[in-house]
Asker: 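My questions will all concern the structure given below.
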Amino acid sequence: MAKMGRPKSDAPKLNTLSVRVTDKELQKLKDYADSHGMTITQLLHTGVNLLLQTPDAEVQNLSP
């Protein structure tokens with residue numbers, strides 16, 4: 001009999017990344033993710049991918 005369960009991924013995500021944020025930052029992330037129907041993980045993946053696709057000169061202008 002074949003094994004049951006989720007099929008193996010072609011690109012498994014084996015690494016964990018931890019980020020410390022303030023209560024206010026976490027609430028902003030939750031609010032944004034909820035209002036856009038995303039999880040915080042999806043939100044962060046999207047943000048990182050957008051930054052990686054943006055030219056360095058434009059990213060430097062985004063820094064606080």
Side-chain angles (χ1 to χ4, degrees):
M1 186 183 325
K3 288 186 177 181
M4 300 294 290
R6 183 176 293 192
K8 299 287 183 185
S9 172
D10 291 334
K13 296 178 180 175
L14 303 175
N15 301 299
T16 301
L17 179 65
S18 177
V19 178
R20 292 171 43 141
V21 296
T22 65
D23 289 343
K24 188 175 182 179
E25 291 167 333
L26 179 60
Q27 191 58 53
K28 284 182 181 181
L29 290 170
K30 285 181 180 180
D31 291 344
Y32 188 94
D34 288 344
S35 67
H36 290 83
M38 307 170 82
T39 65
I40 292 177
T41 299
Q42 290 169 324
L43 171 63
L44 295 176
H45 278 228
T46 301
V48 168
N49 286 330
L50 285 171
L51 282 172
L52 292 174
Q53 295 172 11
T54 303
D56 287 342
E58 291 181 36
V59 172
Q60 288 176 352
N61 293 331
L62 297 175
S63 298

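Scope of the values below: all heavy atoms of this structure, side chains included, with no hydrogens, waters or symmetry mates.
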Asker: Do V48 and L51 share a hydrophobic cluster, counting only Ile, Leu, Val, Met, Phe, Trp and Tyr and linking them when any side-chain heavy atoms are less than 4.5 Å apart?
Answerer: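 Not linked; separate clusters.
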Asker: Rounded to the nearest 0.5 Å, what separation is found between the CG atom of L29 and the OG1 atom of T39?
Answerer: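 It is 11.0 Å, given to the nearest 0.5 Å.
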Asker: Could you pull out the closest heavy-atom pair between A11 and S9, with the gap in Å?
Answerer: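 Where A11 meets S9 most closely, the heavy atoms are N-OG, 3.0 Å.
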Asker: Does Y32 belong to the same Ile/Leu/Val/Met/Phe/Trp/Tyr cluster as L50, with side-chain heavy atoms less than 4.5 Å apart forming each link?
Answerer: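 In one cluster: no.
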Asker: Quick check: are there more than 12 heavy atoms from other residues, nucleotides or ligands sitting under 6.0 Å from CG of N49?
Answerer: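 Enclosed: over 12 neighbouring heavy atoms sit under 6.0 Å from CG of N49.
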Asker: Check the side chains of D31 and Q27 for a donor-acceptor pair under 3.5 angstrom, ignoring hydrogens and angles.
Answerer: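 Yes, side-chain donor-acceptor contact under 3.5 Å.
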Asker: L17 versus N15: any side-chain heavy-atom pair under 4.5 Å?
Answerer: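 They are not in contact (no side-chain heavy atoms under 4.5 Å apart), so the answer is no.
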Asker: Could you pull out the closest heavy-atom pair between I40 and K30, with the gap in Å?
Answerer: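 The answer is CD1-CG, 3.6 Å.
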